[in-house]
Amino acid sequence: MNTCCLNHHNYNASVPKLAFGMNARTRLAGIGLNVVSLLLVGQVALWHTLAQSACGVEVLIETQTQTAAKEKCGTWGCQDTAPPKLYLKQVYTHKATQTYFDPNTKNTYQLDTSSVLIYNPDSCASTQTCSGTASRSSTSAPEFNCTATLLPDCSWDNAACAADVHLFFQNIFKNASFQTTECTSNTRRVEYHQTQQWPSSTTQIDSIETWTWSDEYTEEMLRKAIIAQMLPFDGQWVSGPSSASYSLDSLHISGQGRKMLYRFKLSGASAGTTYKLRWQEVTVYPDGTSGAVWLEEYVRAAGPETYSSVHEVDPPPWDCGWPAEGAVKTTVENVAPPQIVSTIGGGGGGGGGGGGGGSGPEPGTGRVCGSEDADQQARDRSAARCFVGPCFPQQSPCTGLNFGFSMGTAALGSPAGELYISGDVPSPDLARPNSLRFNGTGSDVEVVAPGGVLRQVKAPQALAHIEPIDQFKYEIRFYRLADVGANTGVEYQLLNPANWFVKWTIQNPDASTNSINRLHITQSRPGQSKTYQYKFDPQNRSWSLVHPGNLREDCWEASCDPAARTRQHSFRVRSPNGAVALVGSRKYQRFPWGEGLVESSVGDGASRRTTRRFYYETAAQAGFVPNGTRVPVKLIVPPHRPCDPFVQSAPDNHKPAGCRRACSCHSPKRRRLEHHKRPVRLQQRRRVDRRNKCAWRCDNLL
């Protein structure tokens, strides 16, 4: 047995207990990678272009890419902004009245109309609906009275009457001087008022036109629309690295995106041997900072030439506070030499004699990002956590729709991966299979995706079959392998299509491409059904989730401060009676080395508890080069008591009044420093004992 790079754990029966992040898209803790460090421009930077070799095994990367470009559509607001904003919804109202009256006569012309214009962010097709009335009346000549109704298709049921009223007002307003009484990014109001008084008669003219805009076409919506119009991958793998990217022009109107598939090719592998691959996905942002995540995968070789799972990377999102134009790019970097973790050719029961503990959730189990009750067996006891997109519970909060479906357990007791849906903003594609993604962990999981759209995923414990119903609804049906036949060359046969053991239905309940702010996800088991209801509020740009049985409601909202280079994510949990049960927030700040969590809070008002993190600004101050999982934390200040020794070590501008930096002997008899678990290293500790009195000198490295 070749043991020249055998893992020290040797993967015996205790292996499944190791909680490795084995899913190929699992976001491990830590962000931030100095783009000018050696990790990106030094020797390590060559790793993504050179074959990795260990124990005679070479690792090469192969990629596929697809690109697309698109421009935003919609209507402009009244107030100029930088960059300018386009809105997908415009509501226009016009109320005009002309009344003439004298002691014997009263003549009135009235116009009261409104129209709603809505753009689809993907297709940019627009729809307009109208309502209102037009009328004229006269007490002296009632034969000229008429009324017209504006129909939803913006036509009039009495065209002649409506034309006469419109022509009348056009003549009145031909030389009128209108006044803009309100002009914001969301509202414009224009008014005209005039009173003409004669000795025996009066004419009163009033006109108010109002435009209101909502549903801003954001950079994230543009990114989603670009992804939606990309062609399927052509299946032609190219040796060498590539990238996923997203770029915007200076006005943030035109965007271009590239998504990427990549896989690793192992040459010279030994059949039956399981290798651990480890690498980083590095994202470089327009402002020069960067972030990185470590990823791992276990590959069981079927022969001398073996491939890893296929990993898909969408164009990375554009964040607040970045320059007016530029590009954000994600590449595969720092591919470590492969490690042998097992030479046993067993299957997915745990490898090396181990199954059981550490295995993934049961196949078909649902996972709600940030919640615990999608299914109790989906509690985070494995690497199947929240994946790319808005959710990562240990480092980034849930900020949108994120739901996963477990594929069970694979080789060596690792999770087989999961199907998942995620989105920071709503899209028609959320209710279609082409928005569904899969993250797998090894070569014993097979993905069937004709045209790049998931159709089936076959894992050691189950097969997931994706069945489109219509453009607003599809199903994910899970089958035991006993009910699955051979692969026909197109997909696996279903021996008994009605014998699924769990089914998930993903549906847009409004069944409209113009109404995309809701998504229902329903789990069906024999004799049981429960629905998770997501809803997006375009005004606040926030998501809410009502759990089955209305047992609780979760809300997520995100905001950013470009000047301070921070973004904040807030969450709120409500009980069935509507009372707030839990609130919290997490704030992130961008530093020269990347982005770091600077503040996290739970509770509200007097019960609010806040933990603060302080960082070194540069690698020289930190004493090491920050990388994807090692960020330069200087100090963590938890929500302790006002004068806790922990808090005494905080920077002066964050210490409560009355606290001073000092260390004292907690007990003269014990003569020891009160010690809390804290990331403050004591460079020197000196104790002086004089007649049962003690003093301490503490030099904290802050």
Side-chain angles (χ1 to χ4, degrees), residues 67-91 117-126 180 182-188 211-230 244-259 283-291 314-330 390 399-400 423-427 516-517 536-542 557-569 587-590 595:
T67 61
K70 186 176 176 57
E71 292 187 351
K72 292 180 181 178
C73 52
T75 56
W76 305 97
C78 181
Q79 191 176 71
D80 291 337
T81 59
K85 295 181 179 181
L86 279 170
Y87 296 91
L88 295 169
K89 183 177 181 180
Q90 173 186 278
V91 179
L117 181 64
I118 297 177
Y119 286 86
N120 183 294
D122 288 339
S123 66
C124 278
S126 63
T180 300
E182 184 176 357
C183 179
T184 66
S185 60
N186 298 95
T187 304
R188 183 186 181 209
W211 293 262
T212 58
W213 297 279
S214 60
D215 297 7
E216 179 189 350
Y217 200 142
T218 64
E219 286 73 27
E220 180 64 13
M221 287 182 174
L222 180 61
R223 187 180 73 94
K224 290 286 188 181
I226 289 173
I227 295 173
Q229 69 177 26
M230 288 180 178
S245 62
Y246 179 44
S247 60
L248 290 171
D249 65 354
S250 59
L251 297 178
H252 289 203
I253 301 299
S254 299
Q256 182 172 359
R258 177 171 63 229
K259 67 179 179 179
T283 301
V284 179
Y285 305 107
D287 62 356
T289 59
S290 60
D314 284 332
W318 191 273
D319 205 352
C320 65
W322 288 345
E325 61 184 317
V328 53
K329 181 185 296 185
T330 299
T399 60
D424 279 337
V425 294
S427 166
I516 58 175
N517 291 331
F536 182 76
D537 183 348
Q539 299 299 327
N540 299 324
R541 294 184 51 77
S542 62
E557 186 174 348
S559 62
C560 66
D561 184 345
R565 298 167 65 85
T566 61
R567 61 186 177 95
Q568 181 163 312
H569 300 281
K587 181 187 289 186
Y588 300 84
Q589 182 175 343
R590 191 166 295 282
E595 189 180 63

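Both backbone and side-chain heavy atoms feed into the values below; hydrogens, waters and symmetry mates do not.
Rounding to the nearest 0.5 angstrom, the gap separating the CZ atom in Arg565 from the CD atom in Gln589 is 8.5 Å. Distance check: Lys259 NZ to Arg223 CZ gives 11.5 Å after rounding to the nearest 0.5 Å. Note that the NZ atom of Lys329 and the OG1 atom of Thr283 stand 11.5 Å from one another [nearest 0.5 Å]. Taken to the nearest 0.5 Å, the CD atom of Glu219 stands 8.5 Å off from the CD1 atom of Ile253. Here CH2 of Trp76 is found 8.5 Å from OG1 of Thr81. Values are rounded to the nearest 0.5 Å. Separating the CG atom in Asn517 from the CG atom in Asp215 is a distance of 6.5 Å, to the nearest 0.5 Å.
The neighbour count for Lys70 NZ, taken as heavy atoms of other residues, nucleotides or ligands under 6.0 Å away, is above 12.
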| query | Between Trp213 and Arg188, does a side-chain contact (heavy atoms from CB on, under 4.5 Å) hold up when you go through it step by step? | reply | CA-CA 9 Å; Trp213 297 279; Arg188 183 186 181 209; 3.7 Å; yes
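Of the N and O atoms on the side chains of Glu71 and Ser254, at least one donor lies less than 3.5 Å from an acceptor on the other residue.
Distance alone, capped at 3.5 Å, is enough to place a donor-acceptor pair between the Gln229 side chain and the Ala69 backbone.
Annotation: side chain of Thr218 is not in contact with side chain of Asp424 (no heavy-atom distance under 4.5 Å). Side chains of Pro121 and Tyr217 form a contact here, defined as non-hydrogen atoms less than 4.5 Å apart. Using a 4.5 Å cut-off on side-chain heavy atoms (C-beta onward), Tyr119 and Thr75 make contact.
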